[in-house]
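To keep things clear, I will list the structure first and then write my remarks on it.
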Amino acid sequence: MLTNTSFKTDKILGGAGTFIGLAASNFNVDSAVVSVVGGDFPQEYLDLMTDRNIDISGIEIVKDGKTFFWSGKYHNDMNSRDTLVTELNVLADFEPKVPKDYKDAEVVMLGNLHPLTQMSVLNQMETKPKLVILDTMNFWMDCALEDLHNTIKHIDVITINDEEARQLTGEYSLVVAARKIHEMGPEYVVIKKGEHGALLFHNDNVFYAPALPLEEVFDPTGAGDTFAGGFAGYLAKTEDYSFENMKNAVIYGSTLASFCVEKFGTERMLNLTSSEIHKRLGQFKSLIQFDIELT
């Protein structure tokens, strides 16, 4: 995806597959992106993914087509935004093709696309994945709710924000909303709350991870996808899909998302080092751990 911001007139690299792939690449897992771009998509963007050992054989290039384009304007709180331009372009007729070498993938991350497109990916898997994670948004709840419900039945983890959880269930309480979503199919429910952190639900168990306080947020566009990529990448690396380990995955996802918002587009993710990640994980640990004497 190519995006435009009010701070920079040039088009910049974005898109769910891009942010998810870049985040997951920090765990040195064997990964591939399944997507579609137009002939206007710069070769250098494809090269930067292969440079990070992301398999791009599943990216279809429509040479006479244009890449999906989105432009928006964020409000002062950086949590809400107005969409200015959305051009589906080649994405409108996209039929994903999972590369043969990845039809037995243990972890599948379904980025935010039409539920039928997400289901198409699952139908191409030759063996049942050990973990299927789905991200979605209110747009699909508005125009493809029945398809979304059908797809949700086949997944293990759903990641959505608090507004979307309330819309999907009709419940204001996120605890009640998570329970209703669980009844739809997913064993785990992750509700993202932007600058207020994230909640992980599993049956009667709840885990809350705060967001790391930042002095300034430049561009939150890819934060949710970066969170999902970090979450999925950590689980794929550790091969432990328990609730206890998903707590760690939420912290890793939150850590990577905190870097993503520091620069525009993918700029920060492309220059991120393992030492920076390790240091920030330490900051998260000090933020959520404390000793208290119960009397």
Side-chain angles (χ1 to χ4, degrees), residues 1 15-37 45-61 91 94-136 140 147-148 150-160 185-190 200 202 222 224-246 248-250 252-253 256-257 266 269:
M1 181 184 79
T18 303
F19 285 109
I20 291 170
L22 290 177
S25 69
N26 288 285
F27 301 95
N28 297 316
V29 292
D30 184 12
S31 64
V33 172
V34 178
S35 188
V36 62
V37 296
Y45 290 168
L46 297 172
D47 293 341
L48 69 83
M49 284 189 269
T50 56
D51 289 344
R52 286 158 179 76
N53 297 316
I54 301 170
D55 191 309
I56 62 170
S57 60
I59 298 180
E60 178 186 358
I61 301 176
L91 197 60
F94 177 45
E95 296 181 3
K97 297 178 179 62
V98 179
K100 186 177 185 304
D101 292 342
Y102 291 89
K103 290 187 175 182
D104 60 350
E106 292 189 359
V107 177
V108 174
M109 176 70 228
L110 299 172
N112 178 23
L113 287 174
H114 194 291
L116 291 180
T117 303
Q118 294 173 322
M119 198 64 218
S120 172
V121 171
L122 289 184
N123 289 336
Q124 294 178 56
M125 304 304 293
E126 295 178 349
T127 58
K128 189 180 186 303
K130 292 184 178 179
L131 192 74
V132 179
I133 307 165
L134 177 144
D135 188 36
T136 191
W140 306 119
D147 294 328
L148 179 59
N150 290 334
T151 302
I152 286 177
K153 295 176 183 177
H154 301 276
I155 67 167
D156 303 297
V157 184
I158 186 171
T159 66
I160 54 177
E187 186 175 358
Y188 300 92
V189 178
V190 177
L200 169 67
H202 173 59
D225 293 318
T226 299
F227 172 91
F231 180 85
Y234 176 82
L235 292 173
K237 180 69 173 181
T238 59
E239 299 181 334
D240 178 356
Y241 313 119
S242 65
F243 177 74
E244 289 302 313
N245 198 47
M246 284 199 185
N248 295 327
V250 168
Y252 269 89
L256 290 171
T266 59
M269 302 305 296

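Quick note: residue numbers are just sequence positions, from 1.
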Open item on the list: So, taking the atom named OG1 in Thr226 and the one named CG in Asn26, what distance separates them when rounded to the nearest 0.5 Å?
Closed with: 10.0 Å

Open item on the list: Before you tell me yes or no, could you show the steps for Leu91 and Thr117 under side chain to side chain contact (heavy atoms under 4.5 Å, CB included), namely the whole-Å CA-CA distance, both residues' side-chain angles and the distance that decides it to 0.1 Å?
Closed with: CA-CA 10 Å; Leu91 197 60; Thr117 303; over 6 Å; no

Task: Partner set under side chain to side chain donor-acceptor pair (under 3.5 Å) for Thr50, not counting sequence neighbours - done: none

Open item on the list: For Gly111, is there any backbone N or O sitting under 3.5 Å from a side-chain donor or acceptor partner on Gln118?
Closed with: yes

Open item on the list: Holding to ring-ring contact (aromatic ring centres under 6.0 Å, His included), I want the full list of residues that pass it with Tyr102, two or more places apart in sequence or in another chain.
Closed with: none

TODO: Just grab all the side chain to side chain donor-acceptor pair (under 3.5 Å) pairs involving residues 126-136, residues at least two apart or on different chains.
DONE: Asp135-Thr159, Asp135-Lys192

Task: Student check: side-chain heavy atoms of Leu122 and Leu110 closer than 4.5 Å - done: yes

TODO: Taking ring-ring contact (aromatic ring centres under 6.0 Å, His included) as the test, write out the residues that go with His114, two or more places apart.
DONE: Trp140

TODO: Taking salt bridge (Lys or Arg N to Asp or Glu O under 4.0 Å) as the test, write out the residues that go with Glu244, two or more places apart.
DONE: Lys247

Open item on the list: List the residues meeting side chain to side chain donor-acceptor pair (under 3.5 Å) with Asp240, not counting sequence neighbours, and say none if there are none.
Closed with: Ser242

Task: OG on Ser31 to NZ on Lys237, rounded to 0.5 Å - done: 11.5 Å

- [ ] Please test Leu256 against Leu22 for side chain to side chain contact (heavy atoms under 4.5 Å, CB included), starting from the C-alpha separation and ending with a verdict.
- [x] CA-CA 10 Å; Leu256 290 171; Leu22 290 177; over 6 Å; no

Open item on the list: Could you go through Leu46 and Ile61, starting from their C-alpha distance and side-chain angles, then the distance that decides it, and tell me whether this counts as side chain to side chain contact (heavy atoms under 4.5 Å, CB included)?
Closed with: CA-CA 11 Å; Leu46 297 172; Ile61 301 176; 3.8 Å; yes

Task: Distance in Å, Tyr241 OH paired with Asn245 CG, rounded so as to fall on 0.5 Å steps - done: 9.5 Å

Taking only distance into account, with no hydrogens and no angle test, what donor-acceptor pairs under 3.5 Å do side-chain atoms of residues 151-158 form with protein atoms, sequence neighbours excluded?
unit_1 : atom_1 : unit_2 : atom_2 : d
Thr151 : OG1    : Pro115 : O      : 3.1
Thr151 : OG1    : Asp147 : O      : 3.0
Asp156 : OD2    : Val132 : N      : 2.8

- [ ] Hey, could you give me the CG/CG distance between Leu148 and Leu134, rounded to the nearest 0.5 Å?
- [x] 7.0 Å

Task: Considering all heavy atoms, the nearest Val108-Pro129 contact - done: CG2-CG, 3.7 Å

Task: Spacing of CE belonging to Met269 relative to OG belonging to Ser25, to within rounding of 0.5 Å - done: 7.0 Å

Task: Atom of Gly230, atom of Ala23 and distance for their closest heavy-atom approach - done: N-CB, 3.5 Å

- [ ] Enter the distance from Met246:CE to His202:NE2 here, rounded to the nearest 0.5 Å.
- [x] 8.5 Å

- [ ] List the atom of Glu60, the atom of Glu95, and the distance in Å for their closest heavy-atom pair.
- [x] OE1-O, 4.4 Å

Task: Results of side-chain contact (heavy atoms from CB on, under 4.5 Å) for Val34 - residues two or more places apart only - done: Phe94, Pro96, Pro99

Task: Which atom of Phe231 lies closest to which atom of Ala249, heavy atoms considered - done: CD1-CB, 3.5 Å

Task: Partner set under side-chain contact (heavy atoms from CB on, under 4.5 Å) for Tyr252, not counting sequence neighbours - done: Phe27, Tyr234, Leu281

Open item on the list: Which heavy atom of Ser57 sits nearest to which heavy atom of Asp55, and what is that distance?
Closed with: OG-OD1, 2.5 Å

- [ ] Grab the two heavy atoms, one from Phe227 and one from Val250, that are nearest each other, plus how far apart they are.
- [x] CE1-O, 3.5 Å

